[in-house]
Structure formats: structure tokens, C-alpha cells
Amino acid sequence: MYIKKKLFLFFVFLILNFGLTADEVPKSELLSYWNKTLAKFNYSLPSELEKNFIKSEYTGGGSEDQNTFVYVTQKYLNFPNENVNFAIFFVNKAYSQTGSSVKLAAYFRNEKLVMLTTNSPYSNVEGRYEFSGITVRKGLTYEYDVSGELTISCLVDRTRETTSEIISKQYCGESILVGPQNSILKVIKHKTNCENECTAFYPFREKGIYYVTRNNANLRRESHSKGIVLKFLPKDSKVELLEDTFQQEWIKGLGTANYVKVRLDDGGEGYLHGAYLRAPGEPDVTLIRERAEEWKRKNGVKGK
């Protein structure tokens, strides 16, 4: 009897301290956690998705409007040595060149965010048909450990011999381990250099408050890179995003995003490239990279 009581107390301890398993977490509770986490990046789950996810055994989907689509899945998440069991994808349906093939991907382990990155089709230079349909993670990536600590990395799409190798995380450049108040804990150099710029992909931006990510951001009269510049905004300027134009452009050094209409604190309005912006809870990558360069100088680490 004494042994049974101790075993019972032990299992109660495990449940209280380590949480419920994936099957025991109510779907409605997962949605609440996900919405709270995604709100830090100014993204949300449409109500249609919530309804479909509750009803469906594995997946849910919902469209905000004709230009966007958001869905959640448990399928095809057998990443080697990774503790991921849900993925939420944000899709820009309005832009024909990327369409639904390139996604902003948020990967979760139950209620906890594990990774935010870009998901896109794998391009095998040898044209091997058996790899068609595989998607990979690439570009600027936020990774979170079990305690919520952040690592900023760059993932790359490289040719591999097996499906398992292709879908594994493949790093290039360097990874930055970030501590409290954007302090730098460590910079890890990877063997592979990044052939392309390590930038984020934003399929669309939701309305809300944002901050400018770098100095001299071009506020334009029209929603394209040839539009007349109305003003140069300093880093950390606060703007209110009024509308996403869904006019997408890639800009060197910034990345791919849509032009968005914003309002300044003084009431002025104009258009900004969406990659100039970060949500209030989004990591300040510009500041973190600057501090990482200081860390490397102090610790004798060379190169970019």
C-alpha cells in the first residue's frame, strides 16, 4: 500500500511539473497558447482555422481573405532528432511567383514555439524526381529551447543524398545565442558559409504597431521601390500598420516582403517595405547582430 501511494504521488508530480502529453492537451487550449505566442510577431489565427482545427483530427485551415491563408498540421513533421509535433503556415496567395509554395512557418512542440522560419520547395540541382515535393527550412530562423532561450541562425538549402538529410536543419554562417536584454551569450561559427543573404520572409503583415529595424528606412509615396521618398525614418521609429498592399518585392539586404501602408506618430502616412519592420515582441535582429560583432571582437572570433 505504501509503495502504491508513492507511485501515485510520483505520477502526480510528473503531471504537475512536466505537463500533459500532446494527446491530453485540449485543442482549444493549444489554440490559446499559439495565439498568445504568435501575437508577439503580430500574427494571429483566423476564426475559420480555429473552427476547422477543433473539428478535424489532424489539420485545420482558415482564410482571412482572398490574399492570405493560414493552416496548422501535424503531418510530415518527422524531422530527425527534433521535438516538433505541430506546424502553422502563413501563406500569401496574392503573389503569383511565390504563391502558396513559400510560407512563414511556426513549428511548435505542443504549446511551446520551437522555431520560426521560412518553408519552401527543395530545389535539387541534379533534378532527381524522388525528391520532388519535399520542402525545406531556410533563411533567417528563430529557434527556442525548452526554457524559451533564443538562438538566431540561418538555414540553407543544400543538395543531399537522402530525404532525411534534406529535411534536417542545415546551418550556414553563424548562430547567435541570445540572453536577457538582447545580450550575447555565444556566437557559433558553422563550416558552411551562406551563399545568399540571411534574411527573413514575410508573406504578409497584419495590422498593428511595429518598429523600424534600421536607420534611413525609406517611407515612400507609392508602394514600390521606385516610389518617391517622403522621409527617412530612424531605427526604432514606431509606426502603425494600416494596410498590407500585397505588392511583394525582394530588396538586397532586407529580404522579401510586401509594401505596407503605415501611419507615423505625427500623423503622416506612406509606404514601407515590410522587411523594415519588426513587431513589438519580435527579436531586434539588427541590434543582436551588432552586439554579436562586438562579442566576436572581444572573444577573438574572426569573420562574418
Side-chain angles (χ1 to χ4, degrees), residues 21-23 30 34 53 56-61 69-92 95 97-146 149-177 186-203 250 255-256 285 303-304:
T21 63
D23 292 334
L30 282 176
W34 293 343
F53 180 68
S56 171
E57 184 177 357
Y58 294 110
T59 63
F69 190 72
V70 183
Y71 66 98
V72 56
T73 183
Q74 282 184 295
K75 295 181 179 180
Y76 317 120
L77 295 179
N78 297 318
F79 299 130
N81 304 314
E82 293 185 48
N83 203 11
V84 171
N85 61 353
F86 287 101
I88 299 174
F89 296 110
F90 297 85
V91 179
N92 175 356
Y95 191 65
Q97 291 187 27
T98 57
S100 60
S101 62
V102 183
K103 311 170 182 68
L104 178 67
Y107 294 97
F108 286 83
R109 174 60 186 176
N110 299 332
E111 75 278 12
K112 292 185 179 295
L113 179 64
V114 175
M115 176 185 291
L116 188 73
T117 187
T118 303
N119 185 284
S120 63
Y122 173 66
S123 55
N124 180 263
V125 295
E126 299 169 354
R128 293 169 59 175
Y129 70 89
E130 68 267 34
F131 294 148
S132 61
I134 295 177
T135 60
V136 293
R137 296 161 292 175
K138 60 195 300 185
L140 183 66
T141 299
Y142 304 143
E143 296 186 74
Y144 297 88
D145 65 16
V146 291
E149 293 293 328
L150 168 67
T151 298
I152 293 180
S153 301
C154 193
L155 298 181
V156 64
D157 177 0
R158 293 186 302 206
T159 300
R160 286 291 182 264
E161 293 300 317
T162 67
T163 299
S164 179
E165 289 178 323
I166 291 170
I167 65 176
S168 296
K169 288 183 289 188
Q170 302 176 42
Y171 294 97
C172 69
E174 60 189 25
S175 293
I176 306 170
L177 281 65
K186 190 175 182 180
V187 178
I188 301 172
K189 301 287 293 181
H190 298 293
K191 294 180 180 179
T192 302
N193 293 323
C194 296
E195 296 180 359
N196 302 308
E197 295 173 323
C198 186
T199 56
F201 170 73
Y202 301 98
W250 174 84
T256 301
V285 176
K304 287 277 187 185

Which heavy atom of [X] sits nearest a heavy atom of [Y], and at what distance?
{"X": "Pro121", "Y": "Asp157", "answer": "O-OD2, 4.1 Å"}
{"X": "Gly139", "Y": "Thr117", "answer": "O-OG1, 4.4 Å"}
{"X": "Phe108", "Y": "Val114", "answer": "C-CG2, 3.9 Å"}
{"X": "Thr199", "Y": "Gly255", "answer": "OG1-CA, 3.5 Å"}
{"X": "Gly173", "Y": "Cys194", "answer": "N-SG, 3.4 Å"}
{"X": "Phe79", "Y": "Arg137", "answer": "CD2-NH2, 3.6 Å"}

How far does [atom1] of [X] sit from [atom2] of [Y], to the nearest 0.5 angstrom?
{"X": "Leu104", "Y": "Thr118", "atom1": "CG", "atom2": "OG1", "value": "6.5 Å"}
{"X": "Lys191", "Y": "Asn193", "atom1": "NZ", "atom2": "CG", "value": "13.0 Å"}
{"X": "Ile188", "Y": "Ser153", "atom1": "CD1", "atom2": "OG", "value": "7.5 Å"}
{"X": "Ile152", "Y": "Leu116", "atom1": "CD1", "atom2": "CG", "value": "11.0 Å"}

(request) Please check if the side chain of Asn119 supplies one atom and the backbone of Lys103 the other of a donor-acceptor pair under 3.5 Å. (result)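 No, the answer is negative, given that no donor and acceptor are paired below the 3.5 Å cut-off.
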(request) Indicate yes or no for a side-chain donor-acceptor contact from Glu82 to the backbone of Ser168 under 3.5 Å, with no hydrogens or angles considered. (result)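 Not at all, since once roles are kept as given, no pair shorter than 3.5 Å links the two residues.
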Parallel, tilted or perpendicular for [X] and [Y], by the 30°/60° rule?
{"X": "Phe53", "Y": "Phe86", "result": "perpendicular"}
{"X": "Phe89", "Y": "Tyr71", "result": "tilted"}
{"X": "His190", "Y": "Tyr171", "result": "parallel"}
{"X": "Tyr142", "Y": "Tyr144", "result": "perpendicular"}

Indicate yes or no: at least one non-hydrogen side-chain atom of [X] is less than 4.5 angstrom from one of [Y].
{"X": "Pro203", "Y": "Val91", "value": "no"}
{"X": "Thr141", "Y": "Met115", "value": "yes"}
{"X": "Val84", "Y": "Arg109", "value": "no"}

(request) Would you please name every residue forming a ring pair (Phe, Tyr, Trp, His ring centres under 6.0 Å) with Tyr202, sequence neighbours left out? (result)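 Expected list: none.
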(request) Tell me if the SG of Cys172 lies under 2.5 Å from the SG of Cys198. (result)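 Judged by the SG atoms alone, which are 2.5 Å or more apart, Cys172 and Cys198 are not bridged.
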(request) Report, as yes or no, whether the 6.0 Å neighbourhood of atom NZ on Lys112 holds more than 12 heavy atoms from other residues, nucleotides or ligands. (result)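 No.
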